[in-house]
Amino acid sequence: MTTTTMKRAVLNAPRDLRIETVPVPALEPGDVLLRVQAALICGTDLRIVDGTKTKNVVYPSVLGHEFAGEIVACEGRLPDGLELGDRVAVYPLVQCGHCASCVRGLGNICRNRQAFGYQIDGAFAEYVRVPAVAVQAGNLVPVGDTPADIAAVIEPLACAYNGQRLINAASARSMLVVGAGPLGQLHVRLARALGVATVVAVDPAPHRREIAVVSGASSALDPSEVTAEVVAELTDGVGFDTMVVAVGRADAMEPYLQMLAPGGRVNIFAGFPTGTDQVTIPANSVHYNETLIVGSSSCQLSDFQKVAEMIRTGTIPGEGLVTAHLPIDQLEQGLERARQGVDLRISIDATTAPATGATEGETT
């Protein structure tokens, strides 16, 4: 055993992020130790670091909830289907199992939930301890030989899948994706994988529109170009069957509500800064056209497992989703790059040597 310490990034308060060297986490019965191979920077991480998101955040905090790694140790037996050395993607939510949401099968909106990167130390570290409750719940999802950075994208893709599932995107002929940032790009790829024939992205940034076309968008428009005439041409005169709001500006959805087809379905996917979430909705249009507007938050474990299979089989192409790789010592630089919005996803890549600071247990 040669590795007993590790590096991790600790957020002590907003804008107070420090790289520390600490012991490799000790394991309790049922726990698993992962060597983090890829941990992605999410927009939520930026908001937490900058202090604009504080709900459920504890200090000191180790962020990072989109990640994949190798099982290097366990305390006790691993669940069936898992072995030491397996690469896994990690479903980040730990649900209480007994609240009203959990009883209804909506554990992703459990009000008592805990999550990696929030109450549980996340993956901006060389090693992460997966508590027994998460191990037994099935949060470790094997990904075979899927590259670690692509496996880490399963989490945000699963969140997108949850939103598109709620608006039944698989039956849609057309979709408008409002916002072609990193998550908007995921929605474009997912919609195409689900068989949506016409996927139109709208974003004011030319480079994001270019990427959206590469991701599979039928067309990508500046907001000024989305007129009633253009929409009619793109949708055979009926309007968009579905719309995903993938940008954190509530007013961004307002101009497009009148461009939906009768029975149109809207997913409010993005979260909004406190105090900026008010939107004007044409109630009569919603009423007479039977417009469905639904929010989505995170994803269910079944969504995560479904997307893992879609990634593994190539149904959703993973290439090009992670556009930068940095060591943990350069996390601050990675956060700054993420603020600039050029990269789709930035991976913080951890150690390559196996951990030896914990006891290796039995496997099934």
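This one's a predicted model, so the numbers in the text were calculated from it and none came from an experiment.
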Rounded to the nearest 0.5 Å, what's the gap from [atom1] on [X] to [atom2] on [Y]? Could you check?
X: S219; Y: L234; atom1: OG; atom2: CG; value: 4.5 Å
X: S61; Y: I120; atom1: OG; atom2: CD1; value: 11.0 Å
X: I154; Y: Y161; atom1: CD1; atom2: OH; value: 13.5 Å
X: I348; Y: Q37; atom1: CD1; atom2: CD; value: 15.0 Å
X: T242; Y: L166; atom1: OG1; atom2: CG; value: 12.5 Å
X: N108; Y: D303; atom1: CG; atom2: CG; value: 7.5 Å

Are any of the side-chain heavy atoms of [X] and [Y] separated by less than 4.5 Å?
X: D236; Y: T198; answer: no
X: L186; Y: I316; answer: no
X: L63; Y: I48; answer: yes
X: L335; Y: L17; answer: yes
X: R8; Y: I19; answer: no
X: V130; Y: L140; answer: yes
X: L33; Y: P25; answer: yes
X: V279; Y: M253; answer: yes

Under 4.5 Å between side-chain heavy atoms, counting indirect links through other Ile/Leu/Val/Met/Phe/Trp/Tyr residues: same cluster for [X] and [Y] or not?
X: L176; Y: V247; answer: yes
X: V57; Y: L331; answer: yes
X: V143; Y: M310; answer: yes
X: V128; Y: V141; answer: no
X: I41; Y: I211; answer: no

Of the non-hydrogen atoms in [X] and [Y], which two are nearest, and what is the gap between them?
X: S298; Y: L93; value: OG-CD1, 3.3 Å
X: V133; Y: V94; value: CG1-CG1, 3.7 Å
X: V10; Y: P60; value: CG1-CB, 3.5 Å
X: G97; Y: C102; value: N-SG, 3.3 Å
X: G239; Y: S174; value: O-OG, 3.7 Å
X: P182; Y: R345; value: CB-NH1, 3.4 Å

| side chain to side chain donor-acceptor pair (under 3.5 Å) contacts touching residues 15-27 (sequence neighbours left out) |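 For residues 15-27, and leaving out neighbouring residues, the side chain to side chain donor-acceptor pair (under 3.5 Å) pairs sorted by first residue read R15-D50, D16-R18.
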
| query | Which pairs with one or both residues in residues 304-319 pass salt bridge (charged side-chain N to carboxylate O under 4.0 Å, His left out), sequence neighbours excluded? | reply |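 Passing the test, one end in residues 304-319: E309-R312.
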
| said: For residues 246-267, which residue pairs pass the salt bridge (charged side-chain N to carboxylate O under 4.0 Å, His left out) check, not counting sequence neighbours? | reply: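 The answer is R249-D251.
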
Applying side chain to side chain contact (heavy atoms under 4.5 Å, CB included), can you list everything that pairs with [X], at least two apart in sequence or on another chain?
X: I150; result: T146, P147, I311
X: E28; result: D31
X: A197; result: none

| request: List for me each residue that meets salt bridge (Lys or Arg N to Asp or Glu O under 4.0 Å) alongside E332, sequence neighbours excluded, and say none if there are none. | output: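 E332: no salt bridge (Lys or Arg N to Asp or Glu O under 4.0 Å) contacts found.
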
| query | With sequence neighbours left out, what residues match D241 under salt bridge (Lys or Arg N to Asp or Glu O under 4.0 Å)? | reply |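 With neighbours one apart ignored, the set is R173.
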
| said: Does the plane of the ring in F67 sit parallel, tilted or perpendicular to the ring in F116? Use 30° and 60° as the thresholds. | reply: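 F67 vs F116 ring planes: perpendicular.
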
| task | Let me know which of L257, L292, I167, V286 forms a side chain to side chain contact (heavy atoms under 4.5 Å, CB included) with V266. | result |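 It is L257, the one option of L257, L292, I167, V286 that forms the side chain to side chain contact (heavy atoms under 4.5 Å, CB included) with V266.
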
| query | Looking only at side chains, do D349 and S347 share a donor and an acceptor under 3.5 Å apart? | reply |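 Distance-only check passes for D349 and S347.
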
| request: Flag the pair Y256 / F240 as yes when their ring centroid distance falls below 6.0 Å, and as no otherwise. | output: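 Here the rings of F240 and Y256 have centres that are no less than 6.0 Å from each other.
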
| message | Would Q258 and S285 count as a side chain to side chain contact (heavy atoms under 4.5 Å, CB included) here? Give the steps. | response | CA-CA 7 Å; Q258 299 287 357; S285 177; 3.6 Å; yes

Quick one: list whatever passes side chain to side chain donor-acceptor pair (under 3.5 Å) with [X], sequence neighbours left out.
X: R47; result: none
X: Q185; result: S215
X: T52; result: none
X: T323; result: D343

| Would L40 and I346 satisfy side chain to side chain contact (heavy atoms under 4.5 Å, CB included), going step by step from the backbone distance to the final call? | CA-CA 6 Å; L40 308 184; I346 298 168; over 6 Å; no

| field | Heavy atoms of other groups near K53 NZ, more than 12 under 6.0 Å | value |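 Atom NZ in K53 is packed in, count exceeds 12.
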
| request: Can you establish whether the number of heavy atoms outside E290 located under 6.0 Å from its atom CD is more than 12? | output: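 No, CD of E290 has 12 or fewer neighbouring heavy atoms, counting only those of other groups under 6.0 Å.
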
| task | In sequence, state the C-alpha distance, the side-chain angles, and the governing distance for D222 and S224, and then conclude on side-chain hydrogen bond (donor to acceptor under 3.5 Å, both in side chains). | result | CA-CA 5 Å; D222 182 87; S224 65; 2.7 Å; yes

| task | Apply the test side-chain hydrogen bond (donor to acceptor under 3.5 Å, both in side chains) to residues S296 and N267: give CA-CA distance (whole Å), side-chain angles for both, the deciding distance (0.1 Å), then the verdict. | result | CA-CA 7 Å; S296 62; N267 172 226; 3.1 Å; yes

| said: Pair Y59, N12 - check side chain to side chain contact (heavy atoms under 4.5 Å, CB included), show working. | reply: CA-CA 5 Å; Y59 301 105; N12 294 286; 6.0 Å; no

